[in-house]
Amino acid sequence: LLALSLGSLIMLSAAQLYPMLRSQSQDSAQLFRLEQLFSQVAMGIEKDIRRAGFCAGTCQGKAISLGNYPGEAENSCLNVSYDLNRNGVWDGGEQQDAESFGYRLRGRSLEIQSGAHNCQGDRWEKLFDPQEVVLTVFRLQRLSAKNNATLYELQLAGYWAKRPAVRQHITRLILGRNQ
């Protein structure tokens, strides 16, 4: 009888701990997944910043420009240009082989565009599903410049729309070499 009582007490304790452990496990998995998403986007932006300014000829315009969409934070829009097809110019506009790429924060979403070199327009596509990820910070700040190299700080922060307690913030330092 004593063993049965003790066993029941242990089972009740385990039953109460299980939901808490499961919730913590789900939060950890969601945090890891959010960090992966942000890191993947940061690597793409880093690749574009490192390539920005490359030209196999005499390209015209700015390699990198920072701005913001109206109503959004300062430096929450990035446009880069580089000579992807090595034809000596930065192709732009609505062409298929456009060599200008943009990232911007708009309405708590990160958007991407190719072709135009500004923060306006309506051809932008969302990088994350707004039903899934809410972005609170997208900022690129120019820190210093020396010998044709510029150091930038990239910040991304956000959370899961269905689990606002699961938040992530990443910061990356990126060296742009061709500006």
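Keep in mind that this is a model prediction, so the values were computed, not measured. No hydrogens, no waters, no symmetry mates; every other heavy atom, side chains included, goes into these values. We number each residue from 1, following the sequence as shown.
- Tracing side-chain contacts under 4.5 Å through hydrophobic residues (I, L, V, M, F, W, Y), one reaches Leu66 starting from Tyr103; they form part of the same cluster.
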Give the C-alpha distance, both sets of side-chain angles, the deciding distance and a yes or no for salt bridge (charged side-chain N to carboxylate O under 4.0 Å, His left out) between Arg123 and Glu111. CA-CA 10 Å; Arg123 291 182 34 241; Glu111 299 179 333; over 6 Å; no
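- Of the listed residues (Asn75, Val41, Ile45, Leu127), just one forms a side-chain contact (heavy atoms from CB on, under 4.5 Å) with Phe138, and that residue is Ile45.
- No donor-acceptor distance shorter than 3.5 angstrom exists from the side chain of Arg163 to the backbone of Leu31, with no hydrogens or angles considered.
- Closest non-hydrogen pair, Thr150 versus Ala145, comes out as OG1-CB, 3.8 Å.
- Between the side chains of Tyr69 and Arg106, at least one donor N or O lies within less than 3.5 Å of an accepting N or O.
- Scanning both residues, Ser114 and Phe101, for their nearest heavy atoms gives CB-CD2, 3.8 Å.
- Here the closest non-hydrogen pair linking Gly88 and Cys55 is O-SG, 3.6 Å.
- Within the model, atoms CD of Glu35 and CG of Leu156 stand 11.5 Å from one another, a figure rounded to the nearest 0.5 Å.
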Side chain to side chain contact (heavy atoms under 4.5 Å, CB included) between Asp27 and Ser23: does it pass, once the steps are laid out? CA-CA 6 Å; Asp27 285 350; Ser23 176; 4.2 Å; yes
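- Across Phe128, Trp160, Phe32, a single residue satisfies ring pair (Phe, Tyr, Trp, His ring centres under 6.0 Å) together with Phe38, and that is Phe128.
- For the residue pair Trp90 and Glu99, no side-chain donor N or O sits within less than 3.5 Å of a side-chain acceptor on the partner.
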Derivation and outcome, side chain to side chain contact (heavy atoms under 4.5 Å, CB included), residues Arg104 and Leu78: CA-CA 6 Å; Arg104 76 176 180 189; Leu78 163 71; over 6 Å; no
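- Taking both residues in full, the closest heavy atoms of Val80 and Ala52 are given as CB-CB, 4.0 Å, listed atom of the first, atom of the second, then distance.
- Put simply, the side chain of Asn147 never gets that close to the backbone of Ala149: no donor and acceptor are under 3.5 Å apart.
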What verdict does the side chain to side chain contact (heavy atoms under 4.5 Å, CB included) test give for Leu135 and Arg108, after you've listed the backbone C-alpha separation in whole Å, the side-chain angles of each residue and the deciding distance to 0.1 Å? CA-CA 5 Å; Leu135 202 67; Arg108 304 187 96 179; 5.6 Å; no
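- Around CE of Met11, the count of heavy atoms belonging to other residues, nucleotides or ligands within 6.0 Å does not exceed 12.
- No continuous path of ILVMFWY side-chain contacts below 4.5 Å connects Trp124 to Val134, so the two sit in separate hydrophobic clusters.
- A distance of 11.0 Å separates NZ in Lys146 from CG in Leu175, rounded to the nearest 0.5 Å.
- Under a 3.5 Å cut-off, the side chain of Ser25 and the backbone N or O of Leu21 do not form any donor-acceptor pair.
- Listed by chain and residue number, nothing satisfies the side chain to side chain contact (heavy atoms under 4.5 Å, CB included) test with Ser28 (two or more places apart in sequence, or in another chain).
- Arg86 places no side-chain N or O within donor-acceptor distance of the main-chain N or O of Asp83, the cut-off being under 3.5 Å.
- Side-chain N/O atoms of Gln26 and Gln24 include no donor and acceptor closer than 3.5 Å.
- Between Leu173 and Leu154 there is no side-chain heavy-atom pair separated by less than 4.5 Å.
- The CG atom of Asp129 sits 8.5 Å away from the OG atom of Ser109 when rounded to the nearest 0.5 Å.
- Between the CD atom in Gln131 and the NZ atom in Lys162 there is a gap of 7.5 Å [rounded to 0.5 Å].
- Asn79 is listed as a side-chain neighbour of Cys119, based on a closest heavy-atom distance under 4.5 Å.
- Scanning both residues, Arg51 and Tyr82, for their nearest heavy atoms gives O-CB, 3.0 Å.
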Could you walk me through whether Arg172 and Ser39 pass side-chain hydrogen bond (donor to acceptor under 3.5 Å, both in side chains), step by step? CA-CA 9 Å; Arg172 299 284 190 272; Ser39 291; 2.9 Å; yes
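- Hydrophobic clustering (ILVMFWY, side-chain heavy atoms < 4.5 Å, transitive): Ile170 and Tyr159 are in distinct clusters.
- Contact between Ser76 and Asn68 at its shortest, heavy atoms only, is OG-CB, 3.7 Å.
- Atom CD1 in Ile10 sits 11.0 Å away from atom OG in Ser5 (nearest 0.5 Å).
- Under the 4.5 Å side-chain heavy-atom criterion for grouping Ile, Leu, Val, Met, Phe, Trp and Tyr, Ile64 is connected to Leu105 within one hydrophobic cluster.
- With respect to the salt-bridge test (charged N to carboxylate O, under 4.0 angstrom), the residues Arg139 and Glu72 do not qualify.
- A distance of 8.5 Å separates CG of Asp122 from CD of Gln113, quoted to the nearest 0.5 Å.
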